[in-house]
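The structure under discussion appears below in the form of structure tokens.
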Amino acid sequence: MVRTRFAPSPTGYLHIGGVRTAFFNWLFARHHGGQFILRIDDTDQQRNIAEALEPILNGFRWLGLNWDEGPGIEGPHAPYYQSQKLPRYQEAVRQLLERGLAYHDYATPEELKAEREAAEKEKRPFLYSRKWMAESAADRARLESAGRQGVVRLKMAREGTCRFVDHIRGEMAVAWTHEQDHVIQRADGTVLYNLANVIDDYDMGITHVIRAEEHLSNTARQIFIAQGLGYPLPEYAHVPFVAEPGSKNKLSKRKISQYLKNADFKKIYDHGQAIAQAIGLTTSADTFNPVIVDFYERVGYLPEAILNYLVLLGWSLDDRSEMFTLDEMIANFSLERVNKAPASFDCKKLWAFQERYMQALPVEPKTARVLPYLQQRGLLAQPATAHQLARLRQVVQAANERIKVAGDILDYLDFFLADDQVPYDESAFEKRLRKPPEAAGLLRKFRACLATTESFAAPALEGLLNQFVQTEGIQIGQIIHAVRVAITGKAVGFGLFDALAILGKEQSLARIDRTLQRLGS
RNA sequence: GGCCCCGUCGUCUAGAGGCCUAGGACACGGCCCUUUCAAGGCCGCGACACGGGUUCGAAUCCCGUCGGGGUCACCA
């Protein structure tokens, strides 16, 4: 049984690079009919773990990356929180000590630093002298009575080579002398990542450790620990990290202000920011930006689009397949086809996937996705009335592929506002209504035509306007833009006849009247 | 700096010695369509980091150079 895992720290947000790694783990497990485990790396003992964890779990739920064991889904390998396993870890440290694979060390940070600097000065690689290693209980007592604090270090092999096979990088070999005597337990008894990690992977029956490339350098020491404890080794796959937009540096949530200088990134950010603002969300660029998964959920992206983009970030099937359903991804995913080189995060490409997925979404589900934005804006009741829903459906249908993310519905607010509340785009008003001398007169005449027509369906309206243009002997552009500004307040939008049909006769006429009044005629 | 990893269009990638005049996608540019804005259609721009080998033949194999990155914690 294949078992993979992802081990997030409860930081309060889900990073897009982390999700990519988690997703690969998830896909690999699902592909093999295995299980995916979520384990919480909370050894730092922060205060509000539950609170900081929620956005992360929520991100996984939103994306549909379900876990078989972990928070909320207790399994046979509980607990899934590292903070709850301290005695277990300490027992492992004791075993390593017993087997002579670890030792108590009493060097002070200053002494260590001095050794390190001396090595650097002599241009030789640093390796701790083990000068303050306590070999017996008597040594320990002596050093402790001298006021020293002891940590436990790994007693790494100082000859030979650690060899392992990585599913992505191939055969790996690292000389043991390149490994330091890493600390595995602090003076206060708490334990460090490398140790906890190995024990958890063993306890949870993890068969495949799929993680980002920056952990490659942790692998040898983890193998040392695992072997020392007599654990079977998992298989390893180090996937390349996700790089920054436009560079090969590792993507970091701390460099958002720098990414904002990237035009594409900025554009996606601004678009999301505008939507957040329109629904009254207070956001900060640190936690609400295209590096954080939450951003996409709130702005109204589709999870399928995000996943499709992410799966292609470092993996591909062949030379042309781009669109995959989740089932297809599961069926086709393999570590062998994961790339070695880091891939830069490109939100424009993600956007392109979003566009395609949104285009393919039928009217009903699209309407459902879009609805909450108008409700948050206070324009539609909760639950929406049948009449409101009907209009919304019409707007969604008319706007069609102009709605790229659910929040884009906010571009069509004017269909949900009272007639006298529709704001005018002043420059459009000027250009289409005030400036052309004939505009007001034509608008008034066309209003009269509308008032007498009986069918307000889009095709009929189009015929009506065409006839109007002919009888008046004008260009279509002389009237159509004026009408658009009159009824929507804006220069842009979907088809004018659809707009008129959706508003209906009464509202259309009312809005034109209001415009005529504003024109002072 | 030590150790390690990586190197095909701006970006994501296909490519396992001849199928490569290097394919696809995003982005970009142009044209068409068009009542605006989108969408769509067509066309275009654009890469094997460099240098040596090996071979009849190299983007693919070998060596070197250069470039980029990761990591060197009592963080994870």
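To find a chain, count down the sequence lines: A is the first, B the second, and so on, and within it residues start at 1.
Among the atoms of the strands shown, none is found under 4.0 Å from any heavy atom of A:F345. Counting any heavy atom pair closer than 4.0 Å across all strands shown, A:E355 reaches sugar-phosphate atoms only and no base atom. Nucleic acid contact for A:A491: base, since at least one base atom lies under 4.0 Å from a heavy atom of the residue. Within 4.0 Å (heavy atoms only), A:R124 reaches no atom of the nucleic acid at all. No engagement by A:G477 is indicated, since no non-hydrogen atom pair under 4.0 Å with the nucleic acid exists. Residue-level contact check: A:K123 touches neither bases nor backbone, having no heavy atom under 4.0 Å from any strand. Using a 4.0 Å heavy-atom distance criterion, A:Q185 is classed as making no nucleic acid contact. In this structure, A:R320 reaches the sugar-phosphate backbone alone: every heavy-atom distance under 4.0 Å involves primed, P, OP1 or OP2 atoms, never a base. Within 4.0 Å (heavy atoms only), A:H238 reaches no atom of the nucleic acid at all. Backbone-only contact: A:G314 has heavy atoms under 4.0 Å from sugar-phosphate atoms and none from a base. Among the atoms of the strands shown, only primed sugar atoms or phosphate atoms (P, OP1, OP2) are found under 4.0 Å from some heavy atom of A:R116. Across all strands, A:R432 comes closer than 4.0 Å to no nucleic acid atom at all (heavy-atom distances). Within the 4.0 angstrom heavy-atom criterion, no nucleotide atom of any strand lies near A:R211. Within the 4.0 angstrom heavy-atom criterion, only backbone atoms of the sugar-phosphate kind lie near A:K250; the bases stay farther away.
Rounding to whole angstrom units, CD of residue A:Q478 and P of B:U36 are separated by 14 Å. Residue A:K113 contributes atom NZ, which lies 15 Å from atom C1' of B:C74 at whole-angstrom precision. Nucleotide B:C6 holds its P atom 18 Å from the CG atom of A:N249, rounded to whole Å. Put simply, CH2 on A:W315 is 12 Å from P on B:G15, counting in whole angstrom units. One interatomic measurement links the two molecules: CZ of A:F241 to P of B:C4, which rounds to 18 Å at whole-angstrom precision. Here the P atom of nucleotide B:C4 and the CZ atom of A:R163 are 13 Å apart, to the nearest Å. Atom pair A:R221:CZ and B:C3:C1' shows a separation of 11 Å (rounding to whole Å applied). Counting to the nearest Å, the C1' atom of B:A76 and the CD1 atom of A:I184 are 17 Å from each other.
On a pure distance criterion of 3.5 Å, a polar donor-acceptor pair joins the side chain of A:R402 and the base of B:C37. Applying the 3.5 Å distance criterion, the base of B:A27 shares no donor-acceptor pair with the side chain of A:K349. The base of B:A76 lies close enough to the side chain of A:N218 for a donor and an acceptor atom to sit less than 3.5 Å apart.
Nearest nucleotide to the A:Q359 side chain, out of B:G40, B:C28, B:G68: B:G40. Among the nucleotides B:G40, B:C4, B:G69, the one closest to the side chain of A:L216 is B:C4. Distances from the side chain of A:E401 to the nucleotides B:U36, B:C75, B:A38 place B:A38 closest. Side-chain proximity of A:K404 to the nucleotides B:A39, B:U13, B:C74 is greatest for B:A39. Closest approach to the A:R169 side chain among B:A14, B:C6, B:C26 is made by B:C6 (side chain taken as heavy atoms from C-beta onward). Residue A:L192 has its side chain nearest to B:C75 when only B:A25, B:G15, B:C75 are considered. With distances taken from any side-chain atom of A:R484 to the nucleotides B:U36, B:A14, B:G68, the minimum falls on B:U36. Among the nucleotides B:U35, B:G23, B:C6, the one closest to the side chain of A:D319 is B:G23.
If you take atom P in B:C61 and the same atom in B:C5, they sit 16 Å apart, rounded to whole Å. Using C1' as the reference atom, B:C28 and B:U11 are 11 Å apart when rounded to the nearest Å. B:U8 sits 12 Å from B:C20 when the C1' atoms are compared, rounded to a whole Å. Taking the P atom of each, B:G46 and B:G29 are spaced 16 Å apart, rounded to whole Å. Distance check on atom C1': B:G67 versus B:C31 gives 40 Å, rounded to whole Å. Going from the C1' atom of B:A27 to that of B:C45 covers 12 Å, rounded to whole Å. To the nearest whole angstrom, the two P atoms, one in B:A16 and one in B:G53, are 26 Å apart. Comparing the P positions of B:U55 and B:C50 gives an interatomic distance of 23 Å, to the nearest angstrom.
When each of A:K131, A:R130, A:R148 is tested with A:E111 by the rule salt bridge (charged side-chain N to carboxylate O under 4.0 Å, His left out), just one qualifies, namely A:R148.
Both A:D346 and A:F497 lie near RNA chain B, and the one whose nearest nucleotide falls closer to the 5' end is A:D346. Comparing A:V151 and A:F353 against RNA chain B, the residue whose closest nucleotide sits nearer the 5' end is A:F353.
The side chain of A:S316 places an N or O atom within less than 4.0 Å of a non-bridging phosphate oxygen (OP1 or OP2) of B:A14. Under 4.0 angstrom from either OP1 or OP2 of B:C12 there lies at least one side-chain N or O belonging to A:S344.
Minimum heavy-atom separation, A:S508 to A:I487: O-CG2, 4.1 Å. For the residue pair A:Q475 and A:V469, the shortest heavy atom distance occurs at C-CG1, 4.3 Å. Looking at every heavy atom in both residues, A:L442 comes nearest to A:F468 through O-CZ, 3.6 Å. Residues A:Y106 and A:L143 approach most closely at CD1-CD1, 3.5 Å, considering heavy atoms.
Taking a pair to require two hydrogen-bonding distances under 3.5 Å in either a Watson-Crick or a G-U wobble arrangement, B:C61 pairs with B:G53. Across all strands shown, B:C33 forms no Watson-Crick or G-U wobble pair with both key distances under 3.5 Å. Pairing of B:U21, defined by two Watson-Crick or G-U wobble distances under 3.5 Å, is not identified with any nucleotide. Base pairing analysis places B:G44 opposite B:C28; the two distances defining the Watson-Crick or G-U wobble pair are each below 3.5 Å. Pair assignment for B:U71 gives B:G2, based on Watson-Crick or G-U wobble hydrogen-bonding distances that are each under 3.5 Å.
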Criterion salt bridge (Lys or Arg N to Asp or Glu O under 4.0 Å) on A:D203 and A:K85, from CA distance to verdict:
CA-CA 11 Å; A:D203 285 353; A:K85 296 185 67 172; 2.9 Å; yes
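In this structure, A:H215 and A:Y193 have tilted ring planes: the angle between them lies in the 30° to 60° band.
Checked for salt-bridge contact, A:K490 and A:D411 miss the test: no charged N lies under 4.0 Å from a carboxylate O.
Side-chain atoms of A:Y128 and A:D105 include a donor-acceptor pair closer than 3.5 Å. In summary, the side chains of A:H238 and A:R211 do present a donor paired with an acceptor at a separation below 3.5 Å, with no hydrogens or angles considered.
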